[in-house]
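One structure below.
Side chains are part of it too, since the values below use all heavy atoms of this structure and drop only hydrogens, waters and symmetry mates.
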Amino acid sequence: LDTSLVRDMLSLAEKSALGVSPGVSATALATKIQETKGLVRPSFDRSLENASTEDEKSRGLSNFELYATLRSINAQLGGSKAATRAFQLAWG
């Protein structure tokens, strides 16, 4: 798994969310992402305990980062279908 690609993808997701929602600041989004990570980390940690290879662990960590980021973006967009669609189009 290419972790630099995952980082780039997450960075683009954050930039896209900020671009379509001018009322959301980068600081607020980063704070929300950290809060979400704290909330969901125990579940992902439990699943990673069963990972037998480094690739499985890497994929699990990437899934964790992606899930926490997208869940946070959705929360910051307020569940608006129009804002979510705009984000999807901007993110590609």
- Using the side-chain hydrogen bond (donor to acceptor under 3.5 Å, both in side chains) rule, take T31 and E35 through it: C-alpha gap first, then chi angles, then the decisive distance, then the call. CA-CA 6 Å; T31 300; E35 289 173 0; 6.0 Å; no
- Item | Working for side-chain hydrogen bond (donor to acceptor under 3.5 Å, both in side chains), residues S4 and D2 | CA-CA 6 Å; S4 65; D2 186 352; 2.7 Å; yes
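One finds the CD atom of Q88 at 5.5 Å from the CZ atom of R85 (value rounded to the nearest 0.5 Å). The distance from atom OG1 of T3 to atom CZ of R59, rounded to the nearest 0.5 Å, is 12.0 Å. One distance of note links OG of S43 with CZ of F64; it measures 10.0 Å at 0.5 Å rounding. Note: E14 CD to S16 OG = 10.0 Å, rounded to the nearest 0.5 Å.
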Ignoring hydrogens and angles, write down the donor-acceptor pairs under 3.5 Å from the side chains of residues 67-83, residues two or more places apart or on other chains.
unit_1, atom_1, unit_2, atom_2, d
Y67, OH, R71, NH1, 3.1
T69, OG1, E65, O, 2.8
S72, OG, K32, O, 3.3
S72, OG, T36, OG1, 2.9
S72, OG, A68, O, 2.7
S80, OG, A82, N, 3.4
S80, OG, A83, N, 3.1

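Residues L66 and V40 do not share a hydrophobic cluster, defined by chaining ILVMFWY side chains whose heavy atoms lie under 4.5 Å apart.
Residues forming a side chain to side chain contact (heavy atoms under 4.5 Å, CB included) with L61 (at least two apart in sequence, or on another chain): L48.
Remark: side-chain polar atoms of W91 are paired, donor with acceptor, to backbone N or O of M9 under 3.5 angstrom. Listed for the S62 side chain is a donor-acceptor partner under 3.5 Å among the backbone atoms of S58.
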